[in-house]
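A short write-up of the structure that comes next.
Here the structure is a predicted model, which is why all the values come from computation and not from measurement.
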Amino acid sequence: MSDQSSANYPADVMKKLISLCKQRGFVFQSSEIYGGLKSAYDYGPLGAELKRNLMAEWWRDMVHSRDNVVGIDASIIMHPQVWRSSGHAAGFADPLVDCLVSKERFRADKAPRPAVGAELPITCPDKGVAKDWAEQIEKRFGVALERDGNILSGLKAVSATEFGFVPKGAAAPAQVWPWRGYVEPTFGSPFLGDERQFNLMFRTALGSVDPMNEVAAELARLTAEPDLAAAVKSRFGRAADEGALKTAIESGDRGRILRAAIELLTAPAMAYLRPETAQAMFVQFKNVLESSGQKPPFGIAQMGKSFRNEITVEHFIFRSCEFEQMEMEFFCEPGTQKEWMQYWKDQRMQWWKRYANHPERFAFRQHAKDELAHYADDCYDVDFEYPWGYGELEGIASRTDYDLKQHEKNSGVKLRYTDQEKADPATGKKPWQYTPYVIEPAAGATRGVLVYLLDAYHEEERTTAAGEKEVRTVLKLHPRLAPIKVAVLPLVKKDGMPEKADAIAALFRARGILAKVDEKASIGKRYAKHDEIGTPWAITVDGQTLEDGTVTLRDRDTTEQVRVAVDAVVDLIARKLQA
RNA sequence: GCGGGUGUAGCUCAAUGGUAGAGCGGCGGCUUCCCAAGCCGUAGACGCGGGUUCGAUUCCCGUCACCCGCUCCA
């Protein structure tokens, strides 16, 4: 992973692209007139077309062009148990900590854990920062660390639960602080803030009766009781003997007790917005298997919205809390998952490159063992070289039989396939009943939109008719992705040319090809505008059209024109779109 | 969330403690036979809230959003 992109993007490409997206109607900030909503974006008229086209291409390739993949369209809200079974309720929450010195945020479970007795040097980025941090530490914690270049020393891991400051030559620490056993990963600082859980799932309440009514009433009653713990115990009965409520009561902390009580009171109404579309494919595995006539190896595909409370959102539509996925769960025989992984890796990479001007910007990256999600035993990302460096676009994960087994265990419903023809490799007996292994190509649809916008964004130096230099901006979108396929332009707004243009556009619409007539401003401006929104072809109606029934057909990328008969032009474009 | 930066028409920018201009773009009209031509007209902005002040777009505070970094992952 590099943080310096080597891809040859124009200067400030993101800034220009975001501006173009707004100006031309691809992407707007959500709720902009009210000040905007963090990381939420709306797709305008052109963006909606682009996203639909991209997703339609995926569906066509993954579902319609294969006889062993079927699609579903599941609800976003699922039974809460789904997320407990899948591990998202527990595992999708990361313990995050802020370093009080460097201000870095990191995951506690991945931080280095020095041995008891070890020195805890803080390695600062440079001498200047070292001086600054040493002063901060002195001011805030009252100890003067020794400073040698960019290293601050004198801190030591005193025990598993304490670290301290040991002045040079001293045997015992002059001062100690509580410690959770790890240090900030980049600089090694042990001065850390609290560990906080970030649950990445969106919660919502299901049901027309607001659970807060009951919460308010119960809290009013419980807090009036002289002995809160006793009142809570009698209200919740056995629930008070387990889980968060039990530990809260033991702690004696009123705040924690009330917090746990609220959790229990609201639990019956709590639901989650799905953090991935995948789980519906596992949960409906049996229904699809029985109704579709499929048998392994086969896939279930789905496109749709998912929601995650991302810790940080960034890079325009790259990471947002509400996003759209294109996922497929491919169920295969245990033992064949490696071959299928190879197959889907190839398929998916080919698909991404098919629509790209810069196929070299796509690359695989295999996950290291320690970065695999809780459900995966192997994973390859399709990375794209964004202007800020490589980043994920699609993850192709080997999810083993984890999900189906989890749901089988928790639902009590067998989620297996019985192969009448094959013998169980373990027993040698027919039939073989097994839990399929799963390969999951999971692509970001909204990321795909950004990727193809970036891939298509081109700037060219050109000289105007007046002899001035200027930049021609062209969105070299693949014709199948382009929002508008054909611009139909009367050369001038007279002599019946606008009417002729309308008639030609109608021919395209009748064939389901999106064509727009544009008769505003000069012909040059109209060409430039359509170049900028990625319209691959422009048809111009001129004087000759009215005489011999031919038009000029202009290519967006070369700006070259050929004369074709009106009668043939729709078929010609239709054929180009098929290619 | 933390640290740093930013916030003036659709876009790119300007000016100002006395309520704001331009270029491009938009809309309407005229003109125009091929790559952002010209003419006329027209609409449109100080992110939001509070404070200081006689008066705030300008100074202060808060908030919201965006950008960069940390973390995350489709």
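Counting any heavy atom pair closer than 4.0 Å across all strands shown, Gly395(A) reaches sugar-phosphate atoms only and no base atom. Residue Leu37(A) is in sugar-phosphate contact alone, with no base atom involved, counting any heavy-atom pair closer than 4.0 Å across all strands shown. Residue contacts for Leu489(A): at a heavy-atom cut-off of 4.0 Å it reaches no nucleic acid atom on any strand shown. Nucleic acid contact class of Met14(A) (heavy atoms, under 4.0 Å, all strands): none. In this structure, Asp495(A) reaches the bases: a heavy-atom distance under 4.0 Å links it to at least one base atom across the strands shown.
Rounded to an integer number of Å, the gap from His530(A) NE2 to C34(B) P is 19 Å. With rounding to whole Å, Phe26(A) atom CZ is found 20 Å from G10(B) atom P. Between His88(A) atom NE2 and A74(B) atom C1' there is a gap of 12 Å when expressed in whole angstrom units. The nearest whole Å value for the distance from the CD1 atom in Ile18(A) to the C1' atom in G10(B) is 16 Å. When the P atom of C35(B) is taken as reference, atom NZ of Lys529(A) falls 19 Å away, rounded to whole Å. Look at CZ on Arg526(A): it is 12 Å from C1' on A36(B), rounded to the nearest Å. Atom OH in Tyr34(A) sits about 12 Å away from atom P in G49(B), given to the nearest Å. Glu519(A) has its CD atom 18 Å from the P atom of C34(B), to the nearest Å.
Under the Watson-Crick or G-U wobble criterion, with both distances below 3.5 Å, C66(B) is paired with G5(B). Using the Watson-Crick or G-U wobble rule with both distances under 3.5 Å, C54(B) pairs with G18(B). In this entry U42(B) has G26(B) as its Watson-Crick or G-U wobble partner, both defining distances falling under 3.5 Å. Of the nucleotides present, none pairs with C72(B) by Watson-Crick or G-U wobble criteria with both distances under 3.5 Å. Across all strands shown, A36(B) has no partner, as no Watson-Crick or G-U wobble contact with both distances under 3.5 Å is found.
Considering only side-chain N and O atoms, Lys493(A) lies nowhere under 4.0 angstrom from the phosphate OP1 or OP2 of U31(B). For C68(B), one of the phosphate oxygens OP1 or OP2 lies less than 4.0 angstrom from a side-chain nitrogen or oxygen of His315(A). Between Lys15(A) and C13(B) there is a side-chain polar atom (N or O) within less than 4.0 angstrom of OP1 or OP2. Contact annotation: Thr552(A) side-chain N/O to C34(B) OP1/OP2 distance is not under 4.0 Å. Residue Lys22(A) places no side-chain N or O under 4.0 Å from the OP1 or OP2 atom of G10(B). Within the 4.0 Å cut-off from OP1 or OP2 of C35(B), not a single side-chain nitrogen or oxygen of Lys525(A) is found. Residue Arg462(A) places at least one side-chain N or O under 4.0 Å from the OP1 or OP2 atom of A36(B).
Counted by atom type alone, Thr550(A) and Arg563(A) present one or more donor-acceptor pairs between their side chains at under 3.5 Å. Checked by atom type, the side-chain pair Tyr272(A)/Arg274(A) shows no donor-acceptor distance below 3.5 Å. For Ser398(A) and Asp377(A), the side-chain atoms include at least one donor-acceptor pair closer than 3.5 Å. Counting only N and O atoms by type, the side chains of Gln366(A) and Asp378(A) include a donor and acceptor under 3.5 Å apart. Judged by distance alone, the side chains of Glu184(A) and Tyr182(A) never bring a donor and an acceptor atom under 3.5 Å apart. Looking only at atom types and distance, the side chain of Gln29(A) has no donor-acceptor partner in the side chain of Tyr41(A) under 3.5 Å away.
A distance of about 11 Å separates the P atoms of G26(B) and A37(B), rounded to the whole Å. Comparing G17(B) with G41(B), their P atoms are spaced 32 Å from each other, to the whole Å. Between C11(B) and G69(B), the two C1' atoms lie 28 Å apart (nearest whole Å). Between C59(B) and G18(B), the two C1' atoms lie 15 Å apart (nearest whole Å). Straight-line distance between the C1' atoms of U12(B) and C2(B): roughly 32 Å, to the nearest whole Å. Nucleotides C60(B) and U53(B) have their C1' atoms positioned 12 Å apart, rounded to a whole Å. The separation of C13(B) from C34(B), taken at their C1' atoms, amounts to 33 Å, rounded to a whole angstrom. Nucleotides U19(B) and G4(B) are separated by 35 Å at their P atoms, to the nearest Å.
With hydrogens and angles ignored, a donor-acceptor pair closer than 3.5 Å exists between the side chain of Glu532(A) and the base of A36(B). In the interface, the side chain of Arg308(A) is not paired with the base of C72(B) through any donor and acceptor atom under 3.5 Å apart. Between the base of C68(B) and the side chain of Glu314(A) there is no donor-acceptor pair shorter than 3.5 Å. With hydrogens and angles left out, the side chain of Thr559(A) and the base of C35(B) share no donor-acceptor pair within 3.5 Å.
Between C33(B), C35(B), A74(B), one nucleotide has an atom nearer to the side chain of Gln561(A) than all others, and that is C35(B). Closest approach to the Arg447(A) side chain among U32(B), A74(B), C66(B) is made by A74(B) (side chain taken as heavy atoms from C-beta onward). With C67(B), A74(B), C33(B) as the choices, the nucleotide that has an atom nearest any side-chain atom of Tyr41(A) turns out to be C67(B). When each of A74(B), C34(B), C11(B) is scored by its nearest atom to the side-chain atoms of Ser19(A), the top-ranked nucleotide is C11(B). Listed nucleotides: A36(B), C72(B), C66(B). Nearest to the side chain of Glu470(A): A36(B). Set against A36(B), C67(B), A37(B), the side chain of Ser522(A) has A37(B) as its closest nucleotide. Among C11(B), C33(B), A74(B), the nucleotide with an atom closest to any side-chain atom of Gln23(A) is C11(B).
When the salt bridge (charged side-chain N to carboxylate O under 4.0 Å, His left out) test is applied to Arg399(A), the partners found at least two apart in sequence or on another chain are Glu276(A), Asp403(A), Glu440(A).
Stacking between Tyr527(A) and A36(B) is absent: the aromatic ring centre is not both under 5.5 angstrom from the base six-membered ring centre and within 30 degrees in plane angle.
Residues Ala528(A) and Ser320(A) both approach RNA chain B. Their nearest nucleotides, taken by heavy-atom distance, put Ala528(A) toward the 5′ side. Place Lys494(A) and Thr186(A) on RNA chain B by their nearest nucleotides, and Lys494(A) ends up nearer the 5' end.
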Phe191(A) vs Trp177(A), test: ring-ring contact (aromatic ring centres under 6.0 Å, His included). Steps then yes/no. CA-CA 9 Å; Phe191(A) 293 106; Trp177(A) 299 270; 5.3 Å; yes

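One finds no salt bridge joining Arg526(A) and Asp518(A) here, because no Lys/Arg side-chain nitrogen approaches an Asp/Glu carboxylate oxygen to under 4.0 Å.
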